[in-house]
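This report refers to the structure that appears directly beneath it.
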Protein chains: 2
Amino acid sequence: MSPKTTKTTDRQTPTGDRQGVADQLRLDNQLCFALYAATGLVTRAYRPLLEPLNLTYPQYLAMMALWEKAPRTVSDLGEALGLDSGTLTPLLKRMEGAGLVRRTRDKADERRVQITLTDQGAALQEKAAGVPFALACALDLPGEEIVALRATLQDLARKLRGTED
Amino acid sequence: MSPKTTKTTDRQTPTGDRQGVADQLRLDNQLCFALYAATGLVTRAYRPLLEPLNLTYPQYLAMMALWEKAPRTVSDLGEALGLDSGTLTPLLKRMEGAGLVRRTRDKADERRVQITLTDQGAALQEKAAGVPFALACALDLPGEEIVALRATLQDLARKLRGTED
DNA sequence: GTCAATTAAATTGTATACAATATAATCGTG
DNA sequence: CACGATTATATTGTATACAATTTAATTGAC
């Protein structure tokens, strides 16, 4: 390793020098990679908790959205989850196959598909009741930090949603 | 909608009552969903910046890992990125097809595959130099908040990596 | 040294994601 | 009411992800 200063470079302005560029492109200096890695690890932490429910992680998110509000259309669900029909259609078909939801064309507007919870799908909420607490334990973070981090991320998401289209 | 209290419920202890369970399972109360949504939005913000480089977002992460250290083995890269060979092998084959890296069996240990940067792959770092700053602008967050959020996420990741195996 | 155990990649199969396109239904304007 | 524009979902094709298995090479205990 070449000798380096120990100065941390949390630069906000772009630097053109070779070392500056290399530093700016280090994985550990990327917010995006910190997000990517944390999301992957959290998803992995959910896996053993969701396996008994026979749900994948995105399916669990979809079920939460449906426990909040059902029936709702594919688009509505897509807005809530940030997913499009290309992702949701096959996901919902699998969930239909598993007996959790029904997909029925809206009679008032045949373009729309309403997603309804089956009895089994609604009942699954009871079994999922312990999941958030179990995960909070696995995270091993004080409650206030979880709340604060969540708020920061929701803030970031709000800003990014504003500049999308 | 049924009438509800406006009390925010950032509970850390599990509650068994119906409303408590429903609240605990609301999407907006999940740290995991905040992470998931923010990651998706950030990834989308990268897309237009990476398109001129002909890189997908995971490929961009892999390139950053390789600009930091190359050649390195598939496993080593996998540890850095949190990915296994099932994901990396096809990803690296595509990057090899694009002329960014070479994949060569390690002569000292034929089980290993060393990933080397081609001249083109190394040169791409110059073109990527502006990406982190451009994205920081798109995030529209003060630098200190970016640094703080990154540190919090790295902390979370460290804890989760500890409890994996 | 031999062979079971381990390790490193690759492969297979399933499940997201998303861009681009296709299809069908509804809307809006004349 | 006709018909182009818009909307909602589905489909197609490509690219992650990851569990489970396979293959090939190396290590280690004897």
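Within every chain, numbering begins at 1; the chains are lettered A, B, ... in the order of the sequence lines, protein sequences first and strands thereafter.
Aromatic ring pairs are classed by plane angle as parallel below 30°, tilted from 30° to 60° and perpendicular above 60°; the pair A:Y46 and A:Y57 is tilted.
Considering only side-chain N and O atoms, B:R111 lies nowhere under 4.0 angstrom from the phosphate OP1 or OP2 of C:dT6. Between B:Q59 and D:dT16 there is a side-chain N or O to OP1 or OP2 distance below 4.0 Å. The phosphate of D:dA17 has neither OP1 nor OP2 within less than 4.0 Å of any side-chain N or O from B:T87. Residue B:R112 places no side-chain N or O under 4.0 Å from the OP1 or OP2 atom of D:dA24. Between A:T89 and the phosphate of D:dT11, there is no side-chain N or O to OP1/OP2 separation shorter than 4.0 Å. Distances shorter than 4.0 Å separate none of the side-chain N or O atoms of B:R44 from OP1 or OP2 on C:dA19.
Each of A:K93 and A:Y36 was assigned the nucleotide of DNA chain D with the nearest heavy atom; the assignment lying further toward the 5' end belongs to A:K93. Nearer the 5' end of DNA chain D, as judged by each residue's closest nucleotide, is the contact made by B:G82, out of B:E110 and B:G82.
Backbone-only engagement by B:T56 is indicated by non-hydrogen atom pairs under 4.0 Å involving sugar-phosphate atoms exclusively. Within the 4.0 angstrom heavy-atom criterion, no nucleotide atom of any strand lies near A:L88. Residue B:A108 is in sugar-phosphate contact alone, with no base atom involved, counting any heavy-atom pair closer than 4.0 Å across all strands shown. Within the nucleic acid shown, B:T43 has no heavy atom closer than 4.0 Å to any nucleic acid atom.
Distance from the side chain of B:S75 is smallest to C:dA8 among D:dA10, C:dA8, C:dA10. The side chain of B:R47 sits closest to C:dC18 out of D:dA10, C:dA9, C:dC18. Checked against C:dA17, C:dT26, D:dA25, the side chain of A:D109 finds its nearest nucleotide in C:dT26.
Counting to the nearest Å, the C1' atom of D:dT16 and the CG atom of B:L50 are 15 Å from each other. B:R94 places its CZ atom 13 Å from the P atom of C:dA10, with the value rounded to the nearest Å. Here the P atom of nucleotide C:dT16 and the OH atom of B:Y57 are 21 Å apart, to the nearest Å. In this structure, A:Y46 places its OH atom 19 Å from C1' of D:dC18, rounding to the nearest Å. Between the CZ atom of B:R103 and the C1' atom of C:dT11 there is a distance of 12 Å, given to the nearest Å.
The base of D:dA8 is not paired with the side chain of A:S85 by any donor and acceptor separated by under 3.5 Å.
For the pair A:V113 and A:L92, the minimum side-chain heavy-atom distance is 4.5 Å or more. In this structure, B:T152 and B:L156 have side chains that are not in contact, with every pair of non-hydrogen atoms separated by 4.5 Å or more.
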Problem set entry | Test salt bridge (charged side-chain N to carboxylate O under 4.0 Å, His left out) applied to B:R26 and A:E68, step by step | CA-CA 7 Å; B:R26 280 178 53 85; A:E68 267 183 56; 3.5 Å; yes
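Under the side-chain hydrogen bond (donor to acceptor under 3.5 Å, both in side chains) test applied with B:D109, the options B:K107, B:R111, B:R105 reduce to a single match, B:R111.
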